[in-house]
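One structure below.
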Amino acid sequence: MQVLGIETSCDETGIAIYDSEAGLVAHNLYSQIALHEQYGGVVPELASRDHVRRILPLIKKTVAEANTELKSLGAIAYTAGPGLMGALLVGSATGRSLAYALSIPAIGVHHMEAHLLAPMLEKEVPEYPFLALLVSGGHTLLVHVSGPGKYKILGESVDDAAGEAFDKTAKLLGLPYPGGPVLSALAEKGDSKRFHFPRPMTDRPGLDFSFSGLKTFALNTVKAAPEDEQTRADIARAFVDAVVDTFIIKCRRAIKETGLKRLIVAGGVSANKQLRAGLIRLMDEANGKAYFPRAEFCTDNGAMIAYAGYLRIVSGQTESLNFQAKPRWPLESI
Ligand code: KG4
Ligand code: ZN
């Protein structure tokens, strides 16, 4: 069976086709970075309108690249939430209508479940159960995964998501949107000994996170420090070191509490080199293993939606003809 995946939850139009026998056969992404750059962040209305412009040409291109045709598709998966309402509506309405026209099932996929499953598109996949650290622009979740669709949230951010903290800190360092990748590249040139940032909520029990204080700490550090390129790199380095250390401390704690030896890390921030290196080291020390998506599937993409939809379809899940768009949608409720 071939499943078409449609991702439009934020600022990327992602389309892919997952084939139950051949695996991922085609995927395309249109990023709206250039559109939102001048505003320093995503403008929801512009995002929705651009999804409308891109979605059909991208579906046609992906179907052609997969050497297939619309009438050969077995199902359509679309991101139903969480995300920006207008952006979700574009993908949901397109996916549902196309499925109706083709008389095939459509399934609304949870965006964070799709991120969690993205490492399953790689050669080496973990067995269940495992821990999942999901780090995106909108969410930071530590999840106990006992099987497909069986999720128990062990910890989450009480304020900003990790990606949001990267983006906000990048902005106050004068870096362009989206700040995460630019900030981490700058951090590589920084001196780790010059500034020291706190490791939030690591001095108390539990697995929750808090990242909004780091952004304030960065602001105060920027105000008190000289304005030169090396200083900005040193501040970026101190920020990244603090985020990475915090994740290492919390994941070490989660491994100890659950006895699990496999850790999946996914979502936009899982592209971060320092974070990947730190968590690989942690899992080596614990005689376990860390699993990541390939770099292009860390951030939003259609491949993870097609795959997550495929798993839900083969598990027998169906939905009514109403399309779904849920800007807020807890992972545990699916
Ligand atoms: O998963 P994603 O593409 O979208 C959401 O579901 O939110 O994540 C986007 C987030 C942004 O905040 C972006 O700055 C961050 O992931 N990000 C990174 C890196 N690449 C993307 N943060 C740190 N280092 C990176 N290399
Ligand atoms: Zn995402």
Side-chain angles (χ1 to χ4, degrees), residues 5-14 16 27 29-33 36-37 40-42 44 47 51 78-84 87-88 91 109-119 132-141 156-157 160-173 175-188 190 209 211-212 214-215 218 236-237 239-244 246-247 264-279 292-305 307-308 326-329 331:
I6 300 176
E7 156 62 32
T8 64
S9 68
C10 189
D11 58 347
E12 254 121 19
T13 318
H27 63 94
L29 188 83
Y30 183 85
S31 167
Q32 301 178 354
I33 287 179
H36 301 292
E37 201 171 15
V42 180
H51 285 307
Y78 60 89
T79 305
L84 301 172
L88 289 170
V109 167
H110 191 291
H111 183 80
M112 296 313 292
E113 177 179 49
H115 271 304
L116 189 154
L117 294 169
L133 176 66
L134 305 181
V135 278
S136 73
H139 297 83
T140 305
L141 299 169
E156 61 191 314
S157 178
D160 292 354
E164 196 179 351
F166 264 93
D167 295 341
K168 288 179 176 170
T169 303
K171 205 170 186 176
L172 60 92
L173 283 173
L175 302 174
Y177 157 87
V182 190
L183 178 71
S184 50
L186 183 64
E188 284 177 34
F209 305 93
F211 291 110
S212 68
L214 279 185
K215 159 197 77 195
R237 176 64 187 261
F239 170 83
V240 175
D241 284 352
V243 173
V244 172
T246 303
F247 280 129
I264 263 192
V265 192
V269 183
S270 69
N272 184 275
K273 276 192 212 155
Q274 295 97 322
L275 182 63
R276 286 171 97 104
L279 292 174
F292 303 86
R294 73 191 81 160
E296 64 183 323
F297 295 159
C298 288
T299 43
D300 293 348
N301 63 86
M304 65 183 193
I305 305 299
Y307 180 66
K326 305 183 210 175
R328 289 178 187 280
W329 187 11
L331 180 65

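Start at 1 with the first residue, then count along the sequence. Side chains included, hydrogens not; waters and symmetry mates left out as well; all remaining heavy atoms used. Indexing begins at 1, ligand by ligand and atom by atom, following the structure's order.
Only the side chain of Asp167 comes within 4.0 Å of ligand 1, counting heavy atoms alone; its backbone N, CA, C and O stay farther away. At a heavy-atom cutoff of 4.0 Å, ligand 1 is contacted by the side chain of His115 but not by its backbone. Contacts between Ser184 and ligand 1 below 4.0 angstrom, taking non-hydrogen atoms only, involve the side chain exclusively. Neither the backbone nor the side chain of His139 has any atom closer than 4.0 Å to an atom of ligand 1 (non-hydrogen atoms only).
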For this session: Please test Leu117 against Glu113 for side chain to side chain contact (heavy atoms under 4.5 Å, CB included), starting from the C-alpha separation and ending with a verdict.
Result: CA-CA 6 Å; Leu117 294 169; Glu113 177 179 49; 3.8 Å; yes
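Contact annotation: Cys10 has no heavy atom less than 4.0 Å from any atom of ligand 1.
Considering every non-hydrogen atom in both His36 and Tyr177, the closest pair reads CB-CE2, 3.7 Å. When all heavy atoms of Thr79 and Thr8 are compared, the closest pair comes out as OG1-N, 4.3 Å. Between Asn272 and Ser184 the shortest heavy-atom distance is ND2-CB, 3.0 Å. The shortest non-hydrogen separation linking Leu116 to Pro119 is O-CD, 3.2 Å. Counting all heavy atoms, side chain and backbone alike, Phe297 lies closest to Ala303 at CZ-CB, 3.7 Å. Taking each heavy atom of His51 and Glu12 in turn, the nearest pair found is CE1-O, 3.3 Å.
In terms of distance to the Zn ion (ligand 2), the nearest N, O or S atom of His111 is named NE2. Distances from the Zn ion (ligand 2) to the N/O/S atoms of Asp300 are shortest for OD1.
Between Gly180 and ligand 1, at least one N/O pair is under 3.5 Å apart. Residue Pro178 has no nitrogen or oxygen atom sitting less than 3.5 Å from a nitrogen or oxygen atom of ligand 1, judged on distance alone. Taking only nitrogen or oxygen atoms, main chain and side chain alike, Thr299 does not reach within less than 3.5 Å of ligand 1. Below 3.5 Å of separation, one finds no N or O of Glu12 facing any N or O of ligand 1. At under 3.5 Å, not a single nitrogen or oxygen of Met112, backbone or side chain, sits near a nitrogen or oxygen of ligand 1. Of the N or O atoms in Gly267, none lie within a sub-3.5 Å distance of an N or O in ligand 1.
At distances below 3.5 Å, at least one donor-acceptor pair connects side-chain atoms of Thr140 with backbone N or O atoms of Ala162. Side-chain atoms of Arg328 never come within 3.5 Å of backbone atoms of Pro82 as a donor-acceptor pair (strictly under, hydrogens ignored).
Of all the atoms in ligand 1, the ones that sit under 4.0 Å from a non-hydrogen atom of Gly163 are 12 (O). Interface of Gly138 with ligand 1, defined as ligand atoms under 4.0 Å from a residue heavy atom, comprises 7 (O). Distances below 4.0 Å separate heavy atoms of His111 from the following atoms of ligand 1: 6 (O).
Residue, atom and distance of the protein heavy atom nearest to atom 24 (N) of ligand 1 are Asn272 ND2, 3.1 Å. Protein heavy atom in closest approach to atom 10 (C) of ligand 1: Gly137 N, 3.6 Å. Annotation: atom 3 (O) of ligand 1 to nearest protein heavy atom, Asp300 N, 3.0 Å.
With respect to the salt-bridge test (charged N to carboxylate O, under 4.0 angstrom), the residues Asp241 and Arg237 qualify.
For atom 19 (C) of ligand 1, the candidate residues are Ala162, Gly268, Cys298; the nearest heavy-atom contact is made by Gly268.
In this structure the side chain of His110 reaches within 4.5 angstrom of the side chain of Leu331, judged on heavy atoms. You'll find the side chain of His111 stays beyond 4.5 Å of the side chain of His139, heavy atoms only.
Residue contact annotation: His115 places an N/O/S atom under 2.8 Å from the Zn ion (ligand 2).
The aromatic rings of Phe247 and Phe211 sit tilted relative to each other, their planes meeting at an angle between 30° and 60°.
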